[in-house]
J.: 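One structure follows; several queries about it will come next.
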Protein chains: 4
Amino acid sequence: MDAGGLDANGIARSLGGNPQTGPFYIEGAMPGDAIAITFSRIRLNRDSAQSGRWLVPNDVTPLYFKSATIDTNLTPESRLDRQAGYAVLAKPTPALRDYRVPLAPSLGGVGVAPRGGEAISTQSLGAFGGNMDYNQLREGVTVYLPVFVPGALVFLGDGHAAQGDGELNGDALETSMDVEFLVRLIPNGAPLTAAEPGPRFENADWLMASGIGNSLTLALQKATTALVRWVKREYALTDTEAALVLGTRVRYDIAEVADDQMHVVAKIEKTALANRKRQ
Amino acid sequence: MDAGGLDANGIARSLGGNPQTGPFYIEGAMPGDAIAITFSRIRLNRDSAQSGRWLVPNDVTPLYFKSATIDTNLTPESRLDRQAGYAVLAKPTPALRDYRVPLAPSLGGVGVAPRGGEAISTQSLGAFGGNMDYNQLREGVTVYLPVFVPGALVFLGDGHAAQGDGELNGDALETSMDVEFLVRLIPNGAPLTAAEPGPRFENADWLMASGIGNSLTLALQKATTALVRWVKREYALTDTEAALVLGTRVRYDIAEVADDQMHVVAKIEKTALANRKRQ
Amino acid sequence: MDAGGLDANGIARSLGGNPQTGPFYIEGAMPGDAIAITFSRIRLNRDSAQSGRWLVPNDVTPLYFKSATIDTNLTPESRLDRQAGYAVLAKPTPALRDYRVPLAPSLGGVGVAPRGGEAISTQSLGAFGGNMDYNQLREGVTVYLPVFVPGALVFLGDGHAAQGDGELNGDALETSMDVEFLVRLIPNGAPLTAAEPGPRFENADWLMASGIGNSLTLALQKATTALVRWVKREYALTDTEAALVLGTRVRYDIAEVADDQMHVVAKIEKTALANRKRQ
Amino acid sequence: MDAGGLDANGIARSLGGNPQTGPFYIEGAMPGDAIAITFSRIRLNRDSAQSGRWLVPNDVTPLYFKSATIDTNLTPESRLDRQAGYAVLAKPTPALRDYRVPLAPSLGGVGVAPRGGEAISTQSLGAFGGNMDYNQLREGVTVYLPVFVPGALVFLGDGHAAQGDGELNGDALETSMDVEFLVRLIPNGAPLTAAEPGPRFENADWLMASGIGNSLTLALQKATTALVRWVKREYALTDTEAALVLGTRVRYDIAEVADDQMHVVAKIEKTALANRKRQ
């Protein structure tokens, strides 16, 4: 089901506005634990995707926003050629007749029930995960999340056939997909610290720590802090040692700048510390 | 000469504080023009580099900064093995005995004389370039800069043997290097627009537009706007067409978060529009 | 009942964490309407108040926060002398033996049910009002709020005996109070615009427009915009005329910088346009 | 001379762009000292003032900025009635025929030569003062500034007949004025700390500490920190005691949001600690 509520056959199964699948009750999960969700399969299951026509106003300068003309005749719908592995505009303009986007399916949202019994919009993101819109949340990734309520209550949705950094159109190439995942329970929350609970990602190559905050500055501060703490603990380093490692090897992704909260990811290649035993 | 004023032989040639080489007077360059500086050679010329011991306070959370202990006994000096292509700590701690950083020489600073006759610190960056600390300013890149004064007055310095994103230690692996470059004059400023003059970078694979601003938000707004304008002009696209291209293909680099101004780069692979004739 | 759940007699009536009184169902209020809540009485009803011991970390520089020593022996409890009109520390340090704070009772929170069926923390603030912590929300003020659900569902709480701007201690002088208010229904939402719904305040002297946002920049942008729109409509001015009025007469209050959302108020004295008929 | 370079008789004496009067060499002032400039007289000396027609784009929301229509026929020129004490539009629109602004002459700029030999635009502000545009810099105020070069090199300019908070039009009511001031040398910099040098203001009623930073957040952090340090030193308080004082009594002014740097002032009434001996 996509962010507009349409399923694999384009049939409306829900209202729009980022509907989610779930919640899944994780047997035995209690507040203070963490869960690791490994996505063994994230695959497209239909041949069309919707997007937006503009750049989010807060991501361009006021003068450009004032000057820009949005062509409401352009249909921001893509045809997905899953065999060839790319998307094209369903009704392209002459200039974009040959414009092809490599398919790179990712899941816009995965989360747990938030802290304190809040019931909040599926547009939101935070320590609980949610609408993170990170284009590296792809097949093969493991997502670590804190548990705030018994059973964790996992939900997911918002399939993206492809997405640039930041989700600048407000939407990615929104589509539906087939997802398989395995949940592992991590009692007492490791590798999430009490001080900085929040989403972490890991795949074959990278350790990735999310910073989700109300501004890019706060998001970057949280992401850097989450990564430095992770590296300290995982490789038994001091603050200064971990600072040297991040200073030389950190990479940042600007995951999401289209929603109320900003999402920055600080990451490090696992080869960087391959010579050091992981704890 | 490195950021501390030491040359290839480690001999002090200048005061520290980011000394620069230049200015170079570009024959014929007048305000309103642009210049394209192509770096044919950026090579290390000595075997040591200096760095910092901490993470810049504004890049971590206040609570982490308050808790972090800086080990002032750790010597943040690296030995550069130019043959093998990596840096190691000169006096490593046990935990970092096997820590190696792949060498990736980049130039921290290149700029022109700023607008309006200002004489400002070489720690600064802005529309004139300057202390940009972008780890992709590597051999083979072309840097486009606006011209504000007759002769442009190019300067450069601040060699980095390797640098993570953002220059989190306040310093990269600071060292000296041999640099060769060629300057091409672009009358009337193209490909820089009057509305958004600022640094642009191009190499074999990417178009990269700098946004340098007082906050990450402003830097991202400028970078996005500079790239969307560049793509519009270069490929003759409308605002909406360019929005679709960025929405699906933009990548951001957080170049610099260690100085007063923040530096974000918005970039797009040239293959993305390879089917469209460049203007 | 205060923010810790204690009533006029200091007896626990609720869990802490900013409990609220309500909801009050407003007969006839429907989404799209607005309500005007006039507080005819905001009076202290007990003689003690609690506060915090530090300055919120994000409101000082990292270096100051790292250096500051919090004296956990100091009891941040005040005795309220309602006759004389001031608060003193219940157990003062020698240096603050004569420190007196003029009592200025204000209500930290008043709001309606938020948009879209969300159930969110009473620490939150937004277009729906909530934990606004504005020290001018005093006896005699009228608060305008949008209506998102049938009956509006008004709630209020978080009494403050006195509060500096921004609520820098994380808490004000937290106490309980007696409150009387009258609600007037404004069909179709005036004076709140559809484009910028949000809290407005008015008393005998001032028009005050809230901007509640994720950063101070966004809060200021919203506050300025809400005030310029209010002034345009209320006094039938053009954009340029209203810009001249704000440029010469606007005053800002930084209401709240201690919670996740920032709260800035843009205000103008009603005498400024006393010569112009209000619409 | 006003910000456009016109003198008391409206005759051009300088290029526009915020020309300044000075520099004044302060005998004996050395780096590490501070100076206290007391303005005994800040008086208007002509009957006209210029302003701007719009609200600075970054101070309103993108959607409002996109929608706003600027009336370029409106002449933003004021006639100053110094006897009656107000300004009126020289060529008012019908709606603003009776619009009067109380005259409140303030000095937009006062500063010293910046640190490190920089020669920067008179649009800039910073630790050295400069284009601070604070509407409380009025007759009777004392401004404390750090000294960075021998003789301090004081300059001043940018007279404002009246200005709302923030200088939202980009300009205040720009005019020329007669200024008299007295400079007192404060060896070794008190009351400015080495850690947070920056402008301070004091008048009969208030202690006011400037925070000038690249974003509103940084400006507020600096202002709060400067005030808490000032209060600690001036009244011999601990961090916790000073936190209680600020939490109950601080007021903020948003001085300037129209230039590259933001200017926030944290202030406290001197009566708040009148019972405590000042050091």
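Each chain gets a letter, A, B and so on, in the order its sequence line appears, and its residues count up from 1.
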J.: When only heavy atoms count and the cut-off is under 4.5 Å, which of residues 247-260 of chain D reach chain B?
T.: D:Asp260
J.: Excluding sequence neighbours, so at least two apart, what forms ring pair (Phe, Tyr, Trp, His ring centres under 6.0 Å) with D:Tyr235?
T.: none
J.: Taking the six-membered ring for Trp, are B:Phe155 and B:Phe24 closer than 6.0 Å centroid to centroid?
T.: no
J.: At their closest point, which heavy atom of D:Ile212 faces which heavy atom of D:Lys222, and how far apart are they?
T.: O-NZ, 3.1 Å
J.: Which atoms form the tightest heavy-atom contact between D:Ala242 and D:Lys232, and what is the distance?
T.: CB-CG, 3.6 Å
J.: Decide side-chain hydrogen bond (donor to acceptor under 3.5 Å, both in side chains) for D:Asn135 and D:Asp165; before the verdict, give the C-alpha distance in whole Å, the side-chain angles of both, and the deciding distance to 0.1 Å.
T.: CA-CA 7 Å; D:Asn135 55 26; D:Asp165 286 354; 3.0 Å; yes
J.: Got D:Thr122 and D:Asn131 here, is their nearest side-chain heavy-atom distance under 4.5 Å?
T.: no
J.: Is it the backbone or the side chain of B:Ser124 that comes under 4.5 Å from a heavy atom of chain D, or both, or neither?
T.: side chain
J.: Among D:Asn58, D:Ile120, D:Leu218, which has the most heavy-atom pairs under 4.5 Å with chain B?
T.: D:Ile120
J.: Quick one: does B:Arg53's side chain get under 4.5 Å of B:Asn169's, heavy atoms only?
T.: no
